[in-house]
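Encoded as structure tokens, the structure appears first; notes follow it.
Small disclaimer: the values here were computed from a predicted structure and weren't measured. Below, read A as the first sequence line, B as the second, and so on, with proteins coming before strands; counting in each chain starts at 1.
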Amino acid sequence: MSTATKPYDSTLQAALLLLPTAAVLVAFLYYPALETFRLSLYETLFLGQRQTWTGLGNFVSLLTSDVYQYSFLVTVAFAAVVVFGTLGVSLLIGYLIFSVDVRSSVYLVAAIWPYALPPAVAAILLNFILHPNLGIFTHYLELLTPFTLDWFNDGPQAFAILAVVAVWKQLGYNIIFIVAALSNIPEILTENARIDGVGRFRMLYKVYVPMIAPTMTFLVIMNTIYAFFSTFPLVDLMTSGGPSDATNFLIFKLYRDAFQFNSLGLASAQSVILFVVVSILMYLQLRFASGYGRYGG
Amino acid sequence: MSDITIQNLRKTYDDVRAVKGIDLEIDDGEFLVVVGPSGCGKSTTLRMLAGLESVTDGSIAIGDRVVNEVPPKDRRIAMVFQNYALYPHMTAAENMKFGMKSASEFSRDEIERRVEDATETLDIAHLRDRKPKELSGGERQRVAIGRALVREPDVFLMDEPLSNLDAKLRVQMRAELLKLHRDLETTTVYVTHDQTEAMTLGDRVAVLEDGRLQQVAAPQELYDYPTNQFVAGFVGEPAMNFIPASVRQRGDEHVATAPGLSLTLPAGSGLDGIDDDGLTLGVRPEDVSLVSNRAGVSESFTAEVTVTEPLGELLLLHCRLGDEEIRVKVEPRSRIAAGDTVELAVDTDRLHLFDSDGDAVYHSSVPEQETESALAD
Amino acid sequence: MSDITIQNLRKTYDDVRAVKGIDLEIDDGEFLVVVGPSGCGKSTTLRMLAGLESVTDGSIAIGDRVVNEVPPKDRRIAMVFQNYALYPHMTAAENMKFGMKSASEFSRDEIERRVEDATETLDIAHLRDRKPKELSGGERQRVAIGRALVREPDVFLMDEPLSNLDAKLRVQMRAELLKLHRDLETTTVYVTHDQTEAMTLGDRVAVLEDGRLQQVAAPQELYDYPTNQFVAGFVGEPAMNFIPASVRQRGDEHVATAPGLSLTLPAGSGLDGIDDDGLTLGVRPEDVSLVSNRAGVSESFTAEVTVTEPLGELLLLHCRLGDEEIRVKVEPRSRIAAGDTVELAVDTDRLHLFDSDGDAVYHSSVPEQETESALAD
Amino acid sequence: MATETDTTNIDARRLVHRLPDDVLLHGGIVFSILLMASPLLLAVIMSTQSTTEVYQVTNLGLGSKGLSNYSDALVNYDFSTYMLNSFVMSVIVVVGKVTLSLFAALALVYYRFPYERAVFMFILLTLLLPVPVRIVPLFQLMADLGWTNSLLALTGPYIASATAVFLFRQQFMGISASLVEVARLDGVGPLTFLFRVLIPMSRGMIAGVCVITFIYTWNQFLWPLVVVTDKSSQVVQVGIRYLQGSAQAGLTQWGLIMAGAVLALLPPLVVLVVLHRPLLRTLTIQQK
Amino acid sequence: SGGGDSPTQTGGGSAEQSGTTAGSSGAQDVSVSFWHIFGGELGQTLEDMASEFSQQHDGITIEAVNNGGYRQNLNQSLQASRAGDPPGIVQIFEVGTRLALDSGSFTPVEEILPEDKIDLDDFLPSVLNYYRMDGTLNSMPFNSSNTIMLYNKSAFEAAGLDPESPPRSLAEVRQAAQTIVDQTDMESGISWPNHTWMQIEQQFAKQDQVLVNQENGRDGRPDQTFFNSEAGRSVYSWWKQMAQDGLYLNPGIEAWGEARQAFLTQKVPMLWDSTSNIVSMQSGAKENGFELGSGYLPTPDGANTGVVIGGGSLWVPDALADEKKQAAGEFIAYVTQPEQQARWHRNSGYFPVRQSAIDRLTNDGWFENNPNFSTAFDQLQDTEDTPATRGAVMGVFPKTRSINEEISVSIINDQLGVEEGLSRMDTQVGEALAGYNGNYDGSE
Ligand SMILES: Nc1ncnc2c1ncn2[C@@H]1O[C@H](COP(=O)(O)OP(=O)(O)OP(=O)(O)O)[C@@H](O)[C@H]1O
Ligand SMILES: Nc1ncnc2c1ncn2[C@@H]1O[C@H](COP(=O)(O)OP(=O)(O)OP(=O)(O)O)[C@@H](O)[C@H]1O
Ligand SMILES: O=P(O)(O)OC[C@H](O)CO
Ligand SMILES: [Mg+2]
Ligand SMILES: [Mg+2]
């Protein structure tokens with residue numbers, strides 16, 4: 001951008017305009033973040049009122065702890081399932097909506113509303129619908145298939161159920177982007193394919209998906225961040241990390257260590273590790289965002 | 001056989017009547033250009049030909065087959081779009097192959113051969129492995145044409161294929177398209193809103209307005225004998241001057257009069273029985289001239305120059321004649337300034353008369369006239 | 001006084017030298033058009049005049065005052081932009097008032113009066129309360145001009161104000177701008193990349209290329225006596241034909257030869273001492289003609305027609321002459337087809353010679369020559 | 001404009017006829033939409049049922065309690081308080097964030113000042129610091145400030161955001177440079193420019209940011225859970241958590257819980273439905 | 001330590017005023033919040049008590065707030081104390097005692113009790129002893145419970161079992177379970193929430209096995225646990241087998257509601273439950289049309305050294321203003337009055353903690369008429385006083401429960417062997433203990 005379009009050059013005014021934002025960011029983001037780094041080097045009790053220097057001790061004990069390793073593992077697995085589950089389902093629904101008539105905002109709104117769905121509500125609703133004993137879904141599932149839902153006790157099932165809830169909640173967000181990206185594909189490409197007689201499905205995976213690859217990449221990153229950070233309410237309200245730690249995701253473990261088991265230092269060390277995870281994801285996003293040119297019409 | 005017969009073709013969108021009944025025959029091997037102002041229904045017509053748009057009424061036949069209900073892929077047509085419609089993630093070669101591969105009726109070798117041929121014909125063999133974004137506009141359009149070529153269609157349909165190119169490139173691609181058509185002799189329907197393109201490319205030009213065909217004719221015929229005022233005004237730059245006039249029969253002669261102007265019309269078809277007030281006299285800017293340049297012109301008239309536009313090779317005068325403005329092309333180095341009064345005369349061989357409906361009732365020259373030719377040998 | 005004096009003006013962006021030293025005087029009340037290809041520095045120059053861009057080197061004076069350091073709002077200029085730059089959420093009238101209100105040196109009444117005046121002048125009073133999106137392109141541009149008008153500036157700066165309009169409207173607005181300038185006589189600097197616009201609008205035209213002024217002259221002078229090959233090629237459509245040629249002195253006469261062509265050059269300034277190989281002969285398409293049309297021409301030559309483009313009022317031939325392609329404008333109704341061989345001659349009064357640096361060394365006619373005029377009275 | 005993508009602004013010609021498989025497509029969509037909505041529909045039904053009715057698993061009729069589960073949740077289980085808290089929190093964050101971000105974006109886009117890039121990076125880098133990365137010290141900070149259980153704690157950490165600044169910056173940069181230059185030629189002051197030009201021209205974007213922010217804030221769970229210990233200051237998302245413990249005659253009151261869940265979902269849902277257009281446009285810009 | 005620097009703490013001034021608090025219409029109202037953990041009827045009872053008290057005591061308003069579960073109450077009150085804005089009275093579960101004490105966030109309750117209104121000698125010693133550490137009573141026992149077994153008499157009868165003699169040993173439980181599953185259309189034999197309180201804490205006490213060293217943590221900070229002991233193995237082997245054979249319906253970790261629901265909706269005939277819930281279980285049984293029976297918590301071989309006190313006690317944060325502490329003390333004294341205790345018992349099933357309340361109930365014939373209520377009480381009275389039945393004390397007890405419950409899932413799902421799982425509990429809890437102790441000592 002040309003500097004020439006900048007009509008004002010009072011540094012003082014600029015500083016004043018930026019001040020409120022900067023102040024909030026420093027006070028509530030940067031300072032606590034730095035403090036997290038500091039605390040991660042201490043062992044603490046009772047919400048940080050007792051602190052003992054341990055250096056990298058927290059990290060060592062995390063990295064050598066079976067529980068933490070397992071937690072890391074299930075989180076990564078969960079993220080993978082959520083990311084690709086969400087993408088797959090959203091792609092399907094998005095493509096259907098796009099194929100019919102994108103302007104129909106009735107369909108669109110009916111498909112994207114889960115964007116507004118609070119994770120806590122999503123958790124509670126499905127907790128009930130899929131309740132092992134009371135759930136109506138469970139009831140019919142068990143009636144119609146030999147399958148029994150027992151996710152209060154069955155780790156893999158609990159994992160799967162949380163994934164379903166997480167995917168459900170995230171569908172709206174993904175559909176928004178996929179429909180928008182598909183709509184940005186010039187209509188003539190579709191028409192050209194019609195003249196050539198390219199099938200709908202072939203068109204999807206040979207043309208549309210590659211063409212919306214930047215959006216898909218973006219969604220992979222956003223969904224990963226979501227799976228890592230925003231699924232806390234699901235765990236808290238549905239499984240509390242269980243059974244057998246099958247849903248003891250990093251974020252939940254962090255919360256529990258910090259606010260239930262009072263190990264703030266240990267929790268801070270986990271925050272630091274999460275920070276590394278976000279940083280990597282963000283870096284990847286930037287890499288990919290600049291790697292793909294945006295396809296114009 | 002790939003001539004096209006269009007009968008009473010109509011297209012209605014919910015409340016818009018885009019095409020209002022077109023009858024047109026396109027010969028096998030012909031290059032037909034459809035031209036008209038924006039929104040006149042050019043694309044709609046072409047898209048019905050392609051099968052991308054359903055036909056509301058009427059019929060389209062390619063060869064002997066009525067194709068109204070034939071899906072696009074079975075019409076043996078290929079289409080070239082304005083913005084190329086290349087798949088951005090595929091190389092040039094992949095773009096050309098993609099459609100054929102989907103059709104699955106072609107062998108690998110056949111596909112390779114055709115792509116080979118097409119890239120050679122279009123001189124883009126070296127671009128095969130580039131993606132669209134690594135190509136210039138002209139190269140992209142060439143690849144798009146290549147993609148149409150490989151299908152070896154009976155009919156090419158092109159919707160403003162050059163209008164995304166800059167002026168220089170457009171002129172160049174125009175020439176190339178002509179050469180290509182001369183080589184392949186595939187029936188081509190070409191849509192444009194640019195009259196220069198229409199004139200220079202078409203074997204025949206179809207002028208469309210408001211969903212109706214106005215005239216279908218060879219380019220020069222269109223220029224010289226427009227069938228109505230719309231065509232007369234649409235073709236030619238600057239546009240033909242239109243002067244409201246009345247024509248009176250005086251003995252054998254017909255005289256056209258307008259404020260500040262009185263012209264004896266050369267005898268010609270259509271003059272019989274005309275004795276009318278609500279007529280419009282049409283004369284092109286280059287058919288008006290300064291009197292001093294034409295010796296022995298009796299029926300001159302004067303007009304005041306309001307604006308002069310030196311265009312280098314000529315000087316365009318905007319003159320006030322009665323209440324009308326007329327444009328006159330004169331010698332570039334004429335020393336004429338705004339505010340001057342000039343004496344003008346018209347080339348009476350190039351006069352046109354339109355009635356109140358806009359239909360041409362009279363052209364002062366006769367269509368079949370021979371023009372002197374300057375052929376050496 | 002609102003003449004403008006530009007001295008050795010330069011602009012360097014980090015690593016781009018956009019303007020490389022311009023000297024230019026613009027008279028009070030003059031309409032100066034700056035023309036040149038994309039990226040040549042036109043906008044940059046204009047923006048430095050406006051104060052939107054700082055000056056790297058050199059000086060700009062408006063009237064007697066060097067304005068290099070004067071903020072834009074104090075330069076008494078107004079600017080009109082290509083994309084109108086209207087605030088989409090304000091009505092036409094609000095758009096016109098907004099800047100003045102901000103300046104706060106104008107009373108309410110004064111503002112009202114000026115807007116009234118401007119809307120009247122531009123005939124847009126009925127559009128006052130419409131928002132930009134309810135206006136057509138031409139109307140928007142008129143409002144934008146109105147906004148410039150109300151400031152009653154000493155200088156109008158316009159950056160391609162018409163290039164967003166369609167062809168018809170552009171021609172019409174062009175005429176209106178000319179009339180407006182005739183009424184107001186405000187010094188105007190007008191930037192365009194369109195040579196037609198430059199020719200028709202400018203009292204003088206400044207041709208810019210690659211950050212350097214190539215020529216500043218009245219339009220017809222530019223067309224007839226380009227100072228270099230760039231200007232010669234840039235002005236005129238289709239462009240001047242350039243044929244590599246060598247010139248030999250034979251006794252008193254100078255003869256230019258090129259493959260298939262030999263021309264005796266009329267005496268003229270610049271021919272003295274020329275006896276050279278690396279020259280370029282320039283001749284415009286309309287200055288080449290079919291021989292049969294010009295009686296008694298001795299130095300004719302033949303060429304093969306490769307493409308014919310009927311343009312209605314004329315027929316453009318692309319001909320092969322030696323290894324060169326030359327374009328020739330001939331009678332529209334000539335029966336010439338691609339593949340024919342034609343006999344051609346040039347108008348020896350309209351020849352140009354350029355040296356290997358591209359500088360014009362010779363024009364066959366003399367600048368100060370009188371042209372016969374066709375004035376009545 | 002490249003930004004006007006999508007969904008809301010699609011060429012009328014997209015209505016190309018695709019009849020043959022239309023029915024199938026529509027069927028597919030309706031099916032997936034219903035499947036997606038089914039938990040919510042069931043919840044709405046169950047929210048009208050009494051505990052006994054809920055426990056008859058296959059009872060899918062509207063229940064005998066009508067809306068009384070809702071009034072029960074609102075009155076006896078303090079949902080009216082939680083909803084109000086959530087609402088106040090969301091509105092404060094929306095207004096605060098939009099205001100602060102507009103100012104910041106104004107400075108970033110239209111001011112020349114030293115270290116512009118660094119300042120922008122400073123703001124942007126906070127994307128790396130989601131709540132979980134700093135939750136422990138943030139809680140301690142709130143405790144030290146004595147802000148726990150207050151709106152300050154609920155809203156403060158959300159009131160400035162890289163995303164909003166980024167979006168407004170993007171929006172401002174998308175405003176034609178010539179509009180800015182016109183203002184410059186006229187000598188228009190920064191605040192006049194902000195209020196008379198930028199804000200009116202960014203209404204869509206502002207609406208979009210408001211929607212995103214409202215939904216985001218309303219849906220917060222972890223932070224209120226940590227920083228609010230006093231129930232009367234709690235927000236509705238955490239309020240749901242309290243309902244989970246309610247039991248009548250030994251049985252969990254699922255009807256009541258469903259009513260609470262529906263209540264907690266309603267405001268963001270309404271906002272989404274009403275303002276989905278600006279939301280869609282804004283979100284797709286965020287991608288870049 | 002925590003909360004000491006609270007800005008709300010005022011000096012002697014408020015102590016003077018506090019003399020006039022009780023019964024007088026003091027100028028300023030003291031409002032004290034009381035965070036409890038009950039929803040439903042129990043919550044209602046507490047709220048009634050609070051408002052009755054507030055009415056009787058001018059100038060004091062007690063606001064009873066249901067603040068979720070025990071864990072939440074403990075954590076939130078620590079958080080709130082840390083933030084200097086603590087509640088007035090907090091109900092904390094028995095296993096949070098050490099942690100609450102170590103946190104330094106609370107005032108020993110005996111310091112604020114109005115001495116004239118309370119007679120500590122009237123309290124059951126077994127209960128007081130649980131909450132008395134190093135000779136100080138830190139919190140006031142209020143809702144005390146233990147685990148009993150509820151069973152569906154109607155189902156027993158239908159299966160041909162004696163509805164009046166519930167199984168006492170785990171083997172008998174298995175037999176009864178098997179019989180009922182075979183004879184009736186019940187889904188499974190028994191259920192209880194996966195909650196160490198029942199399957200470990202009570203079972204260990206019954207078998208006279210301490211959980212941790214240092215005399216179950218009462219003689220010093222423990223650093224070793226004994227989950228992988230004979231007591232543990234016998235319970236877990238039985239449990240695992242029950243689960244594998246489909247005789248145990250697993251409702252989930254600490255899933256009280258689900259377990260009760262399975263029992264009330266007659267999916268299982270037996271339930272291990274807290275005595276605290278007898279009232280609602282009785283009405284639930286009636287609504288679902290069966291007769292409720294109750295018995296001691298069965299153990300391997302029917303061993304019965306006794307039970308540990310469960311439930312919660314009332315704590316008063318240290319950061320509270322003095323007049324609020326005073327008011328809190330008044331309220332605590334009020335709810336432990338014999339008549340309130342009796343009422344509380346009748347409405348819940350928590351046994352009264354005062355002898356005089358028990359006497360009153362006995363005299364009214366309450367226990368005779370309500371045998372299910374007496375079961376819990378009898379079980380308590382049958383308890384021998386040993387380190388095992390006095391209950392374990394450790395700072396990481398809440399975390400220990402989480403660890404053990406997670407591992408329990410793996411054991412009964414057969415992902416872990418019994419020994420393997422129990423020794424994993426020992427390891428993980430051992431690590432937690434070490435971390436806690438190290439840290440605790442380090443900063444003292
Ligand atoms: N899908 C559609 N729905 C409704 N009206 C349409 C649709 N497609 C085209 N039209 C209308 O039909 C008319 C003809 O459109 P068409 O695209 O054929 O014009 P065109 O001649 O190709 O114009 P242009 O030169 O601008 O491309 C226009 O008025 C247009 O608005
Ligand atoms: N802010 C800038 N930073 C760097 N280079 C610039 C900037 N503005 C212009 N340039 C460069 O300066 C040169 C001249 O640009 P300018 O905009 O003046 O061209 P122009 O003649 O107006 O072209 P056009 O006809 O396309 O508007 C170009 O090479 C351009 O890329
Ligand atoms: O449900 P309660 O109150 O009997 O308590 C059970 C356990 O003791 C909680 O730790
Ligand atoms: Mg079209
Ligand atoms: Mg420019």
Side-chain angles (χ1 to χ4, degrees), chain C residues 43 46-54 70-91 94-106 111 131-133 140-141 143-148 150-151 153 155-161 163-164 191, chain D residues 1-4 8-12 98 102 105-106 109-118 168 170-210 277-278 281-282 285:
Chain C
S43 298
L46 199 72
R47 292 160 56 77
M48 285 193 280
L49 270 173
L52 292 173
E53 209 77 62
S54 66
V70 177
K73 69 180 165 77
D74 299 327
R75 294 192 182 193
R76 299 200 46 76
I77 49 130
M79 190 153 168
V80 179
F81 296 85
Q82 168 174 355
N83 48 3
Y84 323 126
L86 296 178
Y87 298 113
H89 58 291
M90 300 185 189
T91 65
E94 283 164 359
N95 261 292
M96 294 194 230
K97 290 176 200 165
F98 181 63
M100 278 200 292
K101 278 191 184 159
S102 309
S104 82
E105 52 190 304
F106 301 103
I111 293 178
K131 298 220 171 139
K133 66 163 174 270
R140 280 181 215 176
Q141 194 50 286
V143 173
I145 293 170
R147 181 176 53 187
V150 294
R151 310 195 77 221
V155 179
F156 276 124
L157 304 176
M158 308 200 182
D159 194 351
E160 315 214 8
S163 56
N164 271 13
V191 159
Chain D
M1 249 200 289
T3 55
E4 294 230 359
T8 57
N9 192 20
I10 279 139
D11 192 319
V98 167
L102 280 172
L106 175 69
V109 178
Y110 296 107
Y111 275 86
R112 226 178 307 224
F113 56 90
Y115 308 115
E116 276 170 47
R117 251 203 102 61
F168 287 135
Q170 204 75 355
Q171 161 78 13
F172 290 173
M173 287 184 356
I175 289 178
S176 157
S178 54
L179 286 185
V180 182
E181 299 189 332
V182 165
R184 230 181 124 196
L185 291 173
D186 290 335
V188 176
L191 289 182
T192 313
F193 190 59
L194 177 66
F195 287 106
R196 296 288 314 276
V197 177
L198 294 178
I199 291 181
M201 285 187 67
S202 309
R203 269 184 295 222
M205 174 65 82
I206 292 173
V209 171
C210 286
R277 277 164 204 284
R281 223 170 293 131
T282 305
I285 290 168

Between Ile77(C) and chain D, with a heavy-atom cut-off of 4.5 Å, which part of the residue counts as in contact: side chain, backbone, both or neither?
side chain

Can I get a per-line list of side-chain donor-acceptor pairs under 3.5 Å for residues 186-204 of chain D, giving both atom names and the distance, sequence neighbours left out?
unit_1	atom_1	unit_2	atom_2	d
Asp186(D)	OD1	Arg151(C)	NE	3.0
Ser202(D)	OG	Gln171(D)	NE2	3.4
Ser202(D)	OG	Leu198(D)	O	2.7
Arg203(D)	NE	Pro200(D)	O	3.3

Tell me, side chain or backbone of Tyr87(C) under 4.5 Å from chain D's heavy atoms, or both, or neither?
both

Val182(D) and Ala85(C): which non-hydrogen atoms are nearest, and at how many Å?
CG2-CB, 3.6 Å

Might you point out which heavy atoms bring Ser176(D) and Asn83(C) nearest each other, and give the distance in Å?
OG-ND2, 3.3 Å

Quick check against the 3.5 Å criterion: does Arg184(D) have a side-chain atom that pairs as donor or acceptor with the backbone of Leu52(C)?
yes

